Amino acid sequence: MRKEKIRNPLIKRIPKELKSELGKYAVIFLFLTITIGFISGFLVADNSMTDAYEKSFEKYNIEDGNFELTGPLSLEMKGKLAEENIMIYRNIYLDKQVLNENTTLRIFENRKEVNLICLMKGRLPETEGKIAVDRLFAEKNKIHIGEEIEIDERKFLVTGLAAFSDYSALFSDNGEMMFDAKCFGVAVVTGKQLERMNQTGLHWNYAWKYESEKQFSLSERYEYSETLMKILAMDVQNPLLKFTPEYSSQAIRFSGNDMGKDKSMIIVLLYMIIVILTFLFAVTISNTIEKEASVIGTLRASGYTRHELAAHYIALPVLVSAAACGIGNILGYSLFKKVVADMYYNSYSLPSYETRWNEEAFLLTTVIPCIILLAVNLIILYNKLSLTPLKLIRNDLSKHKTKKAVRLPEFKFPARFRLRIILQNKSGYLLMLAGIVFANVLLLFGLMLEPLLDHYGRELEEKLIAEYQYILKQPAETDSASAEAFAVTTLQTDFTGKNNEKITVYGIKDDSVYIVKENMPLHHDKSGVYVSEGILEKFGYSAGDTLKLKELYTDKTYEMTIAGSYDYPAGMAVFMGREEFCSLFGKENGYFNGYFSNEELTDLDGQFVLSVITLNDVNKVVRQLNDSMGSLFPLIKWFAFGMAMLLLYLLSKLVLEKNASSISMVKILGYGNREIGKLYIRSTTVAVAFSILVSLPVSYGTLKFLYQWIMGSISGWMPYHIRWTVFAEMVLFGTAAYAIVTWIQFRKIKKIPMERALKNVEL
């Protein structure tokens with residue numbers, strides 16, 4: 001006769017446990033699902049869009065560079081370039097004002113060979129009077145398919161929205177600090193339409209591609225482009241106005257360089273949440289063991305082993321976590337992926353992408369949290385289950401001898417009672433302190449970002465060197481009295497195995513009226529250079545250290561001794577005397593290629609100007625950061641608020657459940673619910689208030705360390721700054737979260753029956 005296998009009766013307890021703790025597990029499930037969903041969605045979208053960007057170079061045949069001449073390229077010059085195995089493509093365009101005087105639309109003819117277009121919606125123009133506009137520019141200016149836009153007093157019907165492969169970031173000029181997608185866009189019409197339009201604003205632009213399919217290194221591409229530039233510069237009848245190799249094109253490379261850098265911030269956010277999740281599960285499992293101590297002791301006395309009980313008590317947290325991981329990943333690859341992709345599309349004019357499986361996202365958001373959960377729970381379980389069955393039955397979970405009660409000061413009875421509650425529950429309140437610190441670090445992260453950008457914008461405006469900063473292709477004279485000549489070049493840091501940062505090196509005249517600082521000797525005395533504060537803060541340098549820089553496209557390096565710092569938040573910069581600059585970089589004495597000026601230099605020939613930096617250009621950086629990251633700020637803030645409320649709920653619930661028998665006894669003695677609330681809830685209120693105050697400086701210091709790590713992995717530097725009102729907001733958020741939790745806990749006090757004390761008489 002076959003022997004039937006007896007089913008483990010503990011399995012029947014799992015649904016009952018879930019029902020009794022439904023609120024707690026529902027909140028944890030929701031919290032874990034949203035966390036995994038958002039982080040997974042971000043990493044998936046980031047990886048998929050980066051992959052689409054990298055493949056776009058081949059898919060859309062993106063140029064190896066472009067140049068602009070004063071007129072059409074001659075047949076003779078085409079022949080010379082063909083000898084160098086360089087293919088030239090006509091890429092002329094018209095710059096036209098549309099919508100208003102501050103908005104420019106760059107109009108190309110339809111591309112068929114190079115810099116192909118990704119049509120996002122609608123169709124490309126096939127007849128006259130039709131136009132397809134860049135998708136991002138259209139969204140920023142609320143232009144829709146089927147509408148008309150006016151160009152040179154003529155109406156053009158918008159037939160399509162597209163992404164231009166050579167304008168993934170909408171820079172109107174390669175010398176701009178930041179692009180503005182609302183004020184500049186690109187569009188395409190038919191070739192015949194372009195010829196028949198008003199030719200005012202015509203630019204003779206050409207794209208080039210190397211005939212060889214060999215993958216050139218950066219130094220080889222630099223050498224090839226230098227050769228091409230020299231050939232083009234030989235034609236004095238048709239001067240070279242602009243020359244932009246693909247590797248230095250902001251319009252092509254900026255979005256690709258930026259994508260992936262937000263990942264650092266998200267990874268920091270993820271690590272913070274993993275720590276908090278670990279903490280939450282540790283508190284949850286400890287609370288469960290304390291509640292079930294007598295049951296566990298009875299089961300151990302009945303013959304159940306520690307392994308069987310550990311497997312039973314870990315089953316529910318594992319099942320809840322597994323369900324959250326599964327649903328979180330589904331949401332990550334659907335809803336949240338789209339949210340993050342929309343954030344990228346709101347900043348850049350990127351082509352369509354295909355969702356790709358991301359092993360890293362699955363590892364970071366699912367595998368690691370599950371392993372941590374399992375490990376932490378098992379460690380706590382086995383630690384608690386190592387107690388003898390008798391101690392468990394008696395609810396005595398301490399491993400040390402009971403200490404004598406602390407003698408309290410001669411306070412009034414309510415004050416002594418509350419103090420006794422705090423001392424008896426000090427472990428729970430210490431957990432609460434740790435939990436509030438974790439929550440406030442995340443809350444501070446969400447609250448600080450917007451004020452940080454506002455402060456950075458004000459710093460840029462207040463500490464701008466000059467109203468206008470002209471960078472020239474070659475020295476050019478001006479009659480303006482306010483113009484002050486300087487020399488400038490761009491180098492990069494030289495760190496092995498790290499992303500190197502571009503550094504602007506200025507050569508300043510001795511008696512500069514624009515670069516003013518006491519004890520800053522910018523004369524040729526070999527004493528050293530002055531660097532912007534960002535270089536010191538980002539790389540940990542100080543006065544007397546040696547700064548090693550190298551040229552962008554060669555291996556030539558320069559070493560400079562840091563003499564001091566200059567407060568210049570607009571960029572990573574080095575300041576030295578102009579004579580020292582000329583000596584260091586092999587230039588003739590008196591060489592300059594830039595002007596500082598507080599008025600516009602109208603007499604400068606535009607063909608000699610490489611770029612002009614104004615306050616508006618500097619502020620574009622802040623506007624773009626606000627535009628691209630602004631939607632993330634409230635998400636982090638409210639997520640942190642919800643997490644703070646969850647932590648306070650779980651930890652205050654733990655304190656109440658540990659004191660349930662005492663509360664029941666106090667009820668027997670005749671105390672009402674309100675009086676009991678004043679005793680127990682007010683004790684927790686004191687602990688919460690203390691924890692919030694302590695968490696403020698701790699979260700400030702912790703986030704400062706994390707901020708340094710985040711900024712170290714991206715270009716540029718923004719000084720760490722937190723406005724004092726942010727701390728007031730943190731206190732208000734914490735108070736609001738605790739007020740909600742207090743209301744919930746007061747209801748729980750009402751439900752504790754008086755017979756609870758009589759049922760839990762110590763054996």
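In this text the structure is predicted, and so the values were computed from the model without any measurement.
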Between F171 and F254, ring centroids under 6.0 Å: yes
Charged N-O contact under 4.0 Å between E109 and R90: yes
Ring centers of Y566, Y530 separated by less than 6.0 Å: no
Side chains of T50 and N47, donor plus acceptor under 3.5 Å: no
Side-chain donor/acceptor of D64 to backbone N/O of E246, under 3.5 Å: no
Axial cation check for F156 ring with R154, 6.0 Å and 45° limits: yes
Sidechain-backbone polar pair: N238 side chain, G71 backbone, donor-acceptor under 3.5 Å: yes
Under the salt bridge (Lys or Arg N to Asp or Glu O under 4.0 Å) test, residues paired with D166 that sit two or more places apart: R111
T190 and N110 side chains, donor-acceptor separation under 3.5 Å: no
salt_bridge(R196, E128) N-O dist < 4.0 Å: yes
Trace of the ring-ring contact (aromatic ring centres under 6.0 Å, His included) decision for F243 with W208: CA-CA 11 Å; F243 185 84; W208 85 78; 5.0 Å; yes
Any donor-acceptor N or O pair under 3.5 Å, side chains K337, T355: yes
